[in-house]
Amino acid sequence: MSGAYSQLLEATIGYLESLKQKGVRYVDVSPESVNALIEPVLREVGSSEGGTQITSQAVIQSSRADGPSVYDSQRLSSADKVSAMDQLRDEISSLKKSPELLASGAKLVFGVGTVDADLMFVGEAPGEDEDREGEPFVGKAGQLLMKIIQATGLDREKVYIANVLKYRPDTPGKSFGNRKPRPDEIESWFPFLMRQIEIIQPKIIVGLGATAVEGLLGHMSTGITRLRGNWQSYRSVPVMPTFHPSYLLRNQSWAVKRQVWEDMMQVMERLNMPISQKQRGFFLRR
Ligand code: URA
């Protein structure tokens, strides 16, 4: 590698490390810049290994959302999906618990619904109510989510609902309330959500709120207010980002309710579900 290139690489690494120390987790870099940086390395690897097949495409896989299509993994029968889910649940239950988890005594909140679901909802983490019941979205936000699901004509048994985190984040020193998951918690729990998605192979995922959407996409170039309603993709599965039901509970405006409903109508259309005139008019001011 040329001296100038090594210097440039060192400087880039130093700069990124200084950002990391300041708590920055993501930087926007164009694929062209990444390609320019890795090009000499690829050339060197290629020449020293007699023309290796490494391509810049493979090296710069920019985020987990761009990984191999979920639909390329093996298609399972319903029975095999159930047993794969049971196995995954057992695997999570037998994980060595962190001291925080041991101290909080939180219960596993794995997921609920049918493994044959076309539609999957992803939230951020269980709260107090979910921890008590061992089931996602059973508190106030969950009741609202059920109303939204029922408004589409579906119900809890026809979809699959899971969170990125499988245990309620601890809240040391607090007797009530919930805590937003930390980035490191999202990173360590995401692989389990990923496996749930691979087992179900849903046709569509609805990402509920910024944390869930960021978990799925691996990064977020803009806030949920701008991203909602705009199709994204997680390894070829279309993802509809929308507001978290807790946000709807805090912000009761018709405009926000309508936005979520419009997001859901986009989902219904993509799933070829019928939408009645009455449904089209929900939350429209007369
Ligand atoms: N909020 C979430 O994100 N998930 C739940 O299960 C409950 C509330």
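Order of listing sets the numbers, starting from 1, for every ligand and every atom in it.
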Which atoms of ligand 1 are found less than 4.0 Å from any heavy atom of Gly123?
-> 3 (O)
Is it the side chain, the backbone, both or neither of Glu124 that has a heavy atom closer than 4.0 Å to ligand 1?
-> both
What residue and heavy atom of the protein are closest to atom 1 (N) of ligand 1, and at what distance?
-> His244 NE2, 3.2 Å
Would you tell me whether Lys180 and Thr211 have side-chain atoms, one donor and one acceptor, within less than 3.5 Å of each other?
-> yes
Element-labelled atoms of ligand 1 that are located less than 4.0 Å from some non-hydrogen atom of Pro136 | 6 (O)
Could you name each residue pair satisfying ring pair (Phe, Tyr, Trp, His ring centres under 6.0 Å) that touches residues 119-141, not counting sequence neighbours?
-> Phe137-His244
If you have a sec, work out which protein heavy atom is nearest atom 4 (N) of ligand 1 and how many Å separate them, to one decimal?
-> Asn163 OD1, 2.8 Å
Audit row: Phe283, Trp261, ring-ring contact (aromatic ring centres under 6.0 Å, His included) steps and yes/no | CA-CA 8 Å; Phe283 306 111; Trp261 183 241; 7.0 Å; no
By ring-ring contact (aromatic ring centres under 6.0 Å, His included) - contacts of Phe243 (at least two apart) | Tyr247
Using the ring of Phe190 (Phe, Tyr or Trp, six-membered ring only), decide whether Arg64 places NZ or CZ under 6.0 Å from its centre and within 45 degrees of its axis.
-> yes
of all protein heavy atoms, closest to atom 5 (C) of ligand 1 is Ala125 O, 3.4 Å
